[in-house]
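As structure tokens, the structure follows; a few thoughts come after it.
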Amino acid sequence: MKLDFIPLDYDYFDFEGRNYARIIGRDSKGKRICVIDSCPVYLWAILKDGLKHEKINKLIKEIEKIELDLKGRRTKVEKVELHEKSFLGKKVNALKVFATNYKDLHDVADQLGFPEIEKRRGYDLGFITHYIIEKKIIPMHWYELSGEVLNNSQEFGGIDSAFDVDVCIKLESFRAIEDKKLNPKFLAYDIETDEIKLGEGEILMISLVSDSFRKVITWKETKHKKPEYVEYVKDEAELIEKFVKYVGDISPDLLVGYSSDSFDLPYLKARAEKNEVNLSLGLDKSQPKFTRGINITGKIKGIVHIDILKFIRTAYSQYMQSETLSLNEVAKEFLGDSKKDFKIKHSSKIGEGDWEKYYEYNLHDSILTFGLFEKMWPDMLEFTKIMQEPIFDVSRNGMSKNVESYILHNLEKFNEIPEKRPMHDEISERRQREKYEGAFVFEPAPGLYEDVVMFDFTSSYGSVIVTYNLSKSTFLEKPEKDSYNIETGGKKLYFAKEIGFFPEMLKEIIEKRKHYKEELKHKPDVIKKARSNAFKLLVNSAYGYQGFFGARYYCPEAAAASAAFARKAIKDTMEEINKQEFKIIYSDTDSIAFLRGKKSEDQILKFLKELNSNLPGIMELELEGFFKRGIWVTTRAGTAGAKKKYALIDKNNKLKIRGFETVRRDWCRLAREVQNRIIRQILEDGNEKNALQYVKEIIKKLQQRKINKEDLIIRTQLKKSISEYKAVSPHVIAARKMQEREIPVSQGNLVEYYIAETKEKKKLVREKVKLPDEAGEYNIEYYLKNQILPAVENIFQIFNSDVNDIIKDKKQTTLGDF
DNA sequence: GACTGAACTATACC
DNA sequence: ACGGGTATAGTTCAGTC
């Protein structure tokens with residue numbers, strides 16, 4: 001039988017001691033296909049240099065004798081071949097040791113302690129990754145397959161009949177074909193419960209949303225008119241069973257939740273157990289399986305379970321405006337829609353008339369989740385195609401893991417044997433290493449400036465890695481002819497001239513990124529945009545990867561050299577800019593801000609071109625922007641210019657604010673808004689007069705208690721569990737208060753509080769902390785002295801001292817009132 | 001008990 | 001455990017006078 005096929009989900013099973021990949025996907029008509037396939041299983045034994053043929057042959061004979069009987073399974077070495085390979089860029093002779101079962105490769109490796117063998121590699125990729133590398137059946141690409149249809153056959157123990165698919169075939173041959181359009185079925189879901197703690201309360205309702213389906217299932221009936229999307233069941237057990245039935249009937253390719261790895265799915269599992277019903281969501285009626293540990297993931301056989309929150313965290317969060325990754329904020333930013341307004345209460349406290357609102361709230365959460373998923377699907381698809389790992393993993397992995405996936409799936413072009421994952425001891429050793437010197441930040445001279453130009457290096461660190469060939473395999477202990485070198489941390493680091501596979505891959509990624517970005521300019525579409533973005537993220541993560549303790553290709557020397565070369569590049573460029581007698585205002589890592597002076601914008605662009613013609617390798621400087629005005633302030637402590645804190649305004653009055661309190665979520669809204677307004681005012685006007693007037697009005701309002709309490713709420717994240725804190729800061733007190741009142745609060749939550757007046761004079765801020773709904777009056781002195789004034793003081797300070805005096809007077813008189 | 005610098009903590013920049 | 005280092009700033013804590 002022949003058919004077109006796109007792989008969506010992968011897993012594997014053992015049959016008669018051997019591993020078989022099971023790939024679930026669709027054909028071009030939309031039928032669900034299950035493909036069973038196998039591949040050779042092997043590891044690499046890298047031989048010592050200069051071994052004689054006879055010795056190698058003798059070794060091969062020895063290795064071929066290895067047989068293991070572990071974990072109730074027989075594995076033996078089935079074949080040994082000698083190959084010329086490359087390992088970390090060096091030519092090596094290596095034995096390809098074939099064995100029966102992938103899971104036993106580690107034990108086989110343990111048996112290879114022969115003196116002739118230098119290293120053992122390639123046994124720790126996981127069978128699925130190994131299979132994809134070996135067979136090149138890559139997720140989300142189209143293939144034409146031919147194979148034998150398994151129809152109630154006893155082959156593989158009747159696996160075809162256990163799986164609810166249209167066709168199950170044993171793969172015989174395949175070829176890659178052109179991409180076709182895929183319309184996978186998505187289904188979003190969301191649950192509402194009585195308790196937040198896993199499994200401790202009852203599940204009240206579950207919503208399901210696809211493009212043509214909207215449903216809320218609940219056992220909480222209301223006497224009011226039932227909305228048509230609501231379906232009643234008799235109890236929680238039936239609710240879970242009904243949910244399973246709907247998922248089975250709709251039979252989506254992807255089941256999507258928001259935070260569902262750690263909440264919805266495990267909650268369902270826990271309640272199913274409690275009610276003694278099966279959460280048989282898998283295509284083979286199996287229940288979801290969860291990984292242990294801090295980072296829980298929930299896997300359903302044959303259906304790809306996606307927790308969209310995780311993908312948002314790795315792929316989008318660094319470019320987002322949202323201050324938290326809550327469904328509400330994220331939906332606002334991406335969809336312009338928000339959660340339904342409904343205050344969740346325990347079901348016993350919900351009034352008869354409120355249930356309808358609760359149903360709607362529950363339904364809308366799934367609508368938002370579905371909307372987000374649709375929006376992010378192109379990115380997820382491109383990520384998966386590029387990293388070549390199953391979408392289940394790619395959608396959850398951090399960028400460092402994604403970089404590694406990309407490397408592992410592209411090693412073959414370099415004939416490279418994969419490096420091993422660091423073991424536990426090695427990781428703790430790496431984590432203890434001393435920090436290396438990082439980026440250079442130029443101390444600005446505080447002031448208000450006109451006509452500011454900003455240049456920056458495109459993918460600075462990525463370009464440096466490629467230009468100077470910085471990687472584990474190119475790092476040299478001693479200098480070689482023409483090797484690249486740089487001094488940092490009192491040591492000179494050398495890197496080979498001949499390009500290594502890591503910089504080479506990165507070079508390709510940068511070129512591809514450029515290519516798609518260019519195409520995007522001429523003919524924009526979502527796929528190109530997604531692809532360009534995925535490559536951009538890969539480039540930006542390559543530097544962090546090499547310095548990351550968990551990396552296979554960990555190389556702190558390469559990371560340190562990357563930072564050192566980047567420092568050199570920015571300083572050299574600054575020197576060139578200085579030579580042209582431009583005044584440099586600021587610089588951080590890969591950007592330089594300077595005054596345009598009397599030169600025109602065209603002349604600046606010409607100058608940029610000139611700078612670029614003299615840059616080494618693929619280093620490239622680009623225009624970040626021309627700005628009408630910009631301000632830099634002093635640090636709070638002294639007169640030195642503050643780094644990482646500035647504001648710019650362009651011709652269209654668009655602001656670019658960095659580091660100021662107004663962009664920090666742990667300051668109250670009033671302070672942030674006041675600061676934002678005075679920054680805008682000053683940058684628009686070119687002076688401080690109007691801004692100062694505005695601040696005076698606000699201070700007056702504050703003193704007259706005319707400010708809304710909501711504008712004074714301070715939000716701080718609980719970064720660890722309450723008991724772990726050594727210092728008891730205000731937000732810890734707020735969290736303790738919440739605990740006392742049995743308001744759920746845990747690590748990672750944003751804690752809200754305000755600072756209130758107290759009867760007696762209290763010294764510590766934490767003694768004045770009150771929760772938002774706790775009765776009390778806001779503490780005028782605190783909000784003046786610790787929020788408003790600190791946010792505006794050093795902005796006015798950059799003007800003449802008269803203004804400064806007014807502020808100081810103001811401060812004294814206002815504070816003197818108490 | 002007031003003062004002061006160090007330690008702890010959160011968050012931002014690139 | 002699930003890129004890196006640089007930087008500001010508030011608040012508490014612990015020691016000194």
Side-chain angles (χ1 to χ4, degrees), chain A residues 291 293-295 297 310 313-314 318 323 393 396-405 421-422 424 427-428 430-431 433-444 456-457 459-461 537-551 553-556 558-560 562-564 566-567 570 586-591 624 633-638 640-646 656-667 671 714-720 724-733 750-751 755 763-769 782 785-787 790-791 794:
Chain A
T291 52
I294 306 163
N295 196 8
T297 61
K310 290 195 172 154
R313 191 174 287 143
T314 54
Q318 67 176 123
E323 281 163 19
D393 304 282
R396 287 171 173 79
N397 288 341
M399 275 318 288
S400 146
K401 199 76 207 284
N402 283 334
V403 169
E404 195 155 279
S405 297
R421 208 189 297 140
H424 196 270
I427 289 179
S428 44
R430 289 177 180 187
R431 295 189 71 188
R433 81 159 158 80
E434 271 184 54
K435 277 193 179 181
Y436 56 82
E437 189 181 343
F440 165 72
V441 188
F442 178 78
E443 186 188 306
D456 62 17
F457 281 103
S459 307
S460 167
Y461 282 62
L537 283 169
L538 263 183
V539 176
N540 291 344
S541 311
Y543 157 71
Y545 173 80
Q546 298 203 89
F548 169 52
F549 53 77
Y553 295 99
Y554 174 72
C555 185
S562 303
R567 286 195 299 272
I570 201 87
Y586 184 58
S587 166
D588 184 351
T589 313
D590 60 354
S591 69
E624 221 292 308
V633 298
T634 63
T635 60
R636 189 90 72 229
K643 298 169 177 180
K644 300 190 184 288
K645 221 174 184 184
Y646 61 91
K656 182 186 170 111
I657 302 180
R658 294 291 122 98
F660 276 109
E661 284 76 6
T662 190
V663 299
R664 292 180 63 95
R665 68 172 181 192
D666 56 347
W667 282 69
I714 297 166
R715 292 172 187 83
T716 313
Q717 193 182 23
L718 207 59
K719 301 282 265 190
K720 41 194 172 191
E724 279 178 273
Y725 281 92
K726 286 178 192 160
V728 184
S729 44
H731 79 297
V732 176
I733 291 295
L750 271 192
V751 174
I755 304 304
K763 220 170 52 187
L764 296 176
V765 178
R766 67 166 176 227
E767 292 167 321
K768 301 170 218 169
V769 166
Y782 176 83
K785 233 172 88 181
N786 298 44
Q787 293 276 327
N794 46 10

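So that the names make sense, note that chain A is the first sequence line, chain B the second, and so on, each numbered from 1.
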Next item on the list: Check whether the side chains of A:Y554 and A:R433 place a donor and an acceptor atom closer than 3.5 Å, and report yes or no.
Entry: yes
Notebook entry, point to check: When all nucleic acid strands are considered with a 4.0 Å heavy-atom cut-off, which category describes A:Q546: base, sugar-phosphate, or nothing?
Noted result: nothing
Checklist line | Sidechain N-carboxylate O distance under 4.0 Å for A:K645, A:E661 | finding: yes
Next item on the list: Evaluate whether atom NZ of A:K401 has more than 12 neighbouring non-hydrogen atoms of other residues, nucleotides or ligands under 6.0 angstrom away.
Entry: no
Checklist line | A:Y586 and A:V441, any side-chain heavy atoms less than 4.5 Å apart | finding: yes
Check: Base, sugar-phosphate, or nothing: which does A:Y586 touch, judged by heavy atoms less than 4.0 Å apart?
Finding: nothing
Checklist line | Contact interval (first through last nucleotide) of DNA chain C with protein chain A, 4.0 Å heavy-atom | finding: C:dA1 to C:dC13
Check: Are any of the side-chain nitrogens in A:R715 or A:E323 under 4.0 Å away from the carboxylate oxygens of its partner?
Finding: no
Next item on the list: Remember a base hit wins even if backbone is also touched, and classify A:Y646 as base, sugar-phosphate or nothing at under 4.0 Å, heavy atoms.
Entry: sugar-phosphate
Checklist line | Derivation of the side-chain contact (heavy atoms from CB on, under 4.5 Å) call for A:F442 and A:K643 | finding: CA-CA 7 Å; A:F442 178 78; A:K643 298 169 177 180; over 6 Å; no
Notebook entry, point to check: How are the rings of A:Y436 and A:Y543 set to each other: parallel, tilted or perpendicular (split at 30° and 60°)?
Noted result: perpendicular
Next item on the list: Would you mind classifying the nucleic acid contact of A:N786 as base, sugar-phosphate or nothing, using non-hydrogen atoms under 4.0 angstrom?
Entry: sugar-phosphate
Item checked: Pairwise P distance, C:dC2 and B:dA10 [rounded to whole Å] -> 16 Å
Margin query: For a quick check of understanding: with a heavy-atom distance under 4.0 Å over all strands, which category does A:Y725 fall into, base, sugar-phosphate or nothing?
Written below: sugar-phosphate
Margin query: Considering every strand and a 4.0 Å limit on heavy-atom distances, what is the contact class for A:Y436: base, sugar-phosphate, or nothing?
Written below: sugar-phosphate
Notebook entry, point to check: Which two nucleotides bound the region of DNA chain B that has atoms under 4.0 Å from heavy atoms of chain A, read 5' to 3'?
Noted result: B:dC8 to B:dC14
Next item on the list: Scan A:K310 against the nucleic acid and name what it touches under 4.0 Å (heavy atoms): base, sugar-phosphate only, or nothing.
Entry: nothing
Check: With a non-hydrogen cut-off below 4.0 angstrom, is A:V732 in contact with a base, only sugar-phosphate, or nothing?
Finding: nothing
Checklist line | Sugar-phosphate only, base, or nothing, as touched by A:K726 at under 4.0 Å among non-hydrogen atoms | finding: sugar-phosphate
Next item on the list: Give me the ring orientation class for A:H731 and A:Y725: parallel if the planes are under 30° apart, tilted from 30 to 60°, perpendicular past 60°.
Entry: perpendicular
Checklist line | Touch class at under 4.0 angstrom, heavy-atom based, for A:A439 against every strand present | finding: sugar-phosphate
Margin query: Mind checking if A:G547 touches a base, just sugar-phosphate, or nothing, with heavy atoms under 4.0 Å?
Written below: sugar-phosphate
Margin query: Does A:G544 reach a base, just sugar-phosphate, or nothing at all? Heavy atoms under 4.0 Å.
Written below: base
Next item on the list: Mind checking A:R313 for me? I need base, sugar-phosphate or nothing, with any heavy atom below 4.0 Å counting as a touch.
Entry: nothing
Next item on the list: Check every strand shown and say whether A:N295 touches a base, only sugar-phosphate, or nothing at a heavy-atom separation below 4.0 Å.
Entry: nothing
Check: Using 4.0 Å as the upper bound for N to carboxylate O, is an ion pair formed by A:K644 and A:D588?
Finding: yes
